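Contents: one structure, followed by commentary.
A quick note: this is a predicted structure, and the numbers were derived from the prediction, not measured.
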Amino acid sequence: MNLLADLIDLLLPERCAGCGGEPVLLCDACAIPLQGPARPAETAPHGLPPPWTVATYDGLLRAILSAYKERGRTALAVPLGEALATAIQAALTGLDPPQTVVWVPSRRGSAKRRGHDPLRGTVAVALHRLRVNGLPVTALNALSQRRRVDDQAGLTAAQRLTNLDGALEATKPDLAGRQVILVDDVVTTGASLAEAARALRAAGATPAATATIAATPRRHPR
């Protein structure tokens with residue numbers, strides 16, 4: 001963690017988590033990507049339909065998510081959760097209600113280090129929004145890490161699959177026969193969602209759809 005940056009954050013008023021310009025949580029320009037319609041992500045995890053997503057995971061979204069997850073800007077759960085709600089609502093299309101949302105758990109120790117569970121916070125905001133809109137959706141904390149995994153940053157797609165293979169397990173006994181909407185904050189290679197889906201299937205559940213806040217754009221060869 002950057003000690004100088006933390007000291008500056010402590011001494012100066014908080015500014016936009018995206019651009020650092022205006023003295024607000026998120027300025028209008030930086031909020032726009034989180035307010036768009038949902039679309040299928042280009043990256044499809046193995047054995048799952050493409051996640052519905054709202055934003056592109058680029059420099060702006062990277063800064064916003066980093067501020068939320070690593071720098072204590074927990075109020076960002078609201079705009080991020082609203083975007084997740086948009087993606088989940090799109091994922092619900094064609095599915096019979098009620099539906100259960102299950103999120104990909106954080107790595108061991110990360111919630112304690114951060115002082116909060118980022119994805120769980122955005123899921124709570126998303127479900128509140130969906131219920132306000134009359135959609136009967138519930139959330140279930142159904143997965144946990146069964147072993148330590150390496151940081152995924154810098155790993156190739158194949159290395160990510162190997163790193164996560166068998167890393168998750170279902171913790172709820174009543175998953176058999178359930179259809180679930182699997183959610184994560186960002187989909188890059190899809191390895192995290194694929195491992196979560198494997199663990200859910202092992203417990204008898206059916207991952208019927210997936211949803212994320214943002215997705216890394218696929219790089220097309222020239």
Side-chain angles (χ1 to χ4, degrees), residues 1-27 30-31 33-34 54-55 57-85 87-88 101-131 138-155 160 163-164 167-172 182-188 191-193 195-196 199 211-214 216:
M1 188 170 290
N2 190 317
L3 183 60
L4 178 59
D6 290 343
L7 182 60
I8 292 173
D9 286 345
L10 180 65
L11 297 177
L12 298 179
E14 289 187 331
R15 308 188 76 81
C16 172
C19 65
E22 299 179 32
V24 294
L25 178 69
L26 202 59
C27 72
C30 291
L34 294 171
V54 171
Y57 188 55
D58 54 12
L60 173 63
L61 260 294
R62 193 182 301 273
I64 294 171
L65 281 167
S66 177
Y68 172 55
K69 296 166 73 171
E70 307 295 345
R71 308 192 64 136
R73 303 288 297 272
T74 54
L76 287 164
V78 175
L80 291 168
E82 294 280 355
L84 184 58
I88 294 173
V101 167
V102 174
W103 63 92
V104 176
S106 301
R107 288 188 299 145
R108 287 182 177 180
S110 61
K112 183 177 180 180
R113 173 178 58 81
R114 290 166 172 162
H116 69 122
D117 187 334
L119 187 53
R120 191 168 189 168
T122 54
V123 167
V125 171
L127 261 67
H128 174 73
R129 170 53 54 197
L130 292 168
R131 289 168 184 160
T138 59
L140 190 63
N141 184 14
L143 296 172
S144 69
Q145 296 278 348
R146 63 184 298 186
R147 63 170 176 80
R148 292 187 179 276
V149 297
D150 295 330
D151 190 339
Q152 295 279 85
L155 299 182
R160 289 183 179 218
N163 183 42
L164 294 176
L168 299 180
E169 63 183 350
T171 56
K172 299 296 182 183
L182 188 55
V183 304
D184 204 353
D185 52 2
V186 177
V187 58
T188 51
S192 297
L193 288 169
E195 170 58 16
T212 68
I213 297 167
T216 301

Tightest non-hydrogen contact, residues R120 and N141, listed as NH1-ND2, 3.4 Å
Quiz item: Yes or no on side chain to side chain contact (heavy atoms under 4.5 Å, CB included) for V104 and L143, after CA distance, side-chain angles and deciding distance?
Solution: CA-CA 7 Å; V104 176; L143 296 172; 5.6 Å; no
d(W103 CH2, D184 CG) to nearest 0.5 Å is 12.5 Å
Heavy-atom closest pair (C30 atom, C19 atom, distance to 0.1 Å) is SG-N, 3.5 Å
One should read off an interatomic distance between D117 CG and T74 OG1, to the nearest 0.5 angstrom, of 12.5 Å
The side chain to side chain donor-acceptor pair (under 3.5 Å) partners of D185 (sequence neighbours excluded) come to K69
Minimal heavy-atom distance between G18 and L60, with the atoms involved, is CA-CD1, 3.6 Å
- request: Mark yes or no for whether E195, through its side chain, and L168, through its backbone, hold a donor-acceptor pair below 3.5 Å.
  value: yes
(Q) Using side-chain heavy atoms (C-beta onward) and a distance below 4.5 Å, is V123 in contact with L84? (A) yes
Quick one, Y57 and L65 - any side-chain contact, counting heavy atoms below 4.5 Å? yes
CZ of R73 to SG of C16, rounded to nearest 0.5 Å, is 8.0 Å
When every non-hydrogen atom of L34 is compared with those of A55, the smallest separation belongs to CD2-CB, 4.3 Å
* Asked: Are the side chains of V186 and L61 in touch, meaning some heavy atoms are under 4.5 Å apart?
  -> no
In short, L119 meets V183 closest at the heavy-atom pair CD2-O, 3.9 Å
Only residue of I213, L26, L25 satisfying side-chain contact (heavy atoms from CB on, under 4.5 Å) with I64 is L26
Residues 16-25 vs salt bridge (Lys or Arg N to Asp or Glu O under 4.0 Å), sequence neighbours excluded, gives none
With side chains defined as the heavy atoms from C-beta onward, is the minimum distance between L80 and V125 less than 4.5 Å?
-> no
Note to self: Is there a side chain to side chain contact (heavy atoms under 4.5 Å, CB included) between L130 and V101? Walk through the geometry before answering.
What the structure shows: CA-CA 11 Å; L130 292 168; V101 167; 5.6 Å; no
- Query: Does T122 use its side chain to pair, donor to acceptor, with the backbone of A77 at less than 3.5 Å?
  - Reply: no
Taking every heavy atom of V54 against every heavy atom of A83, the minimum-distance pair comes out as CG2-O, 3.3 Å
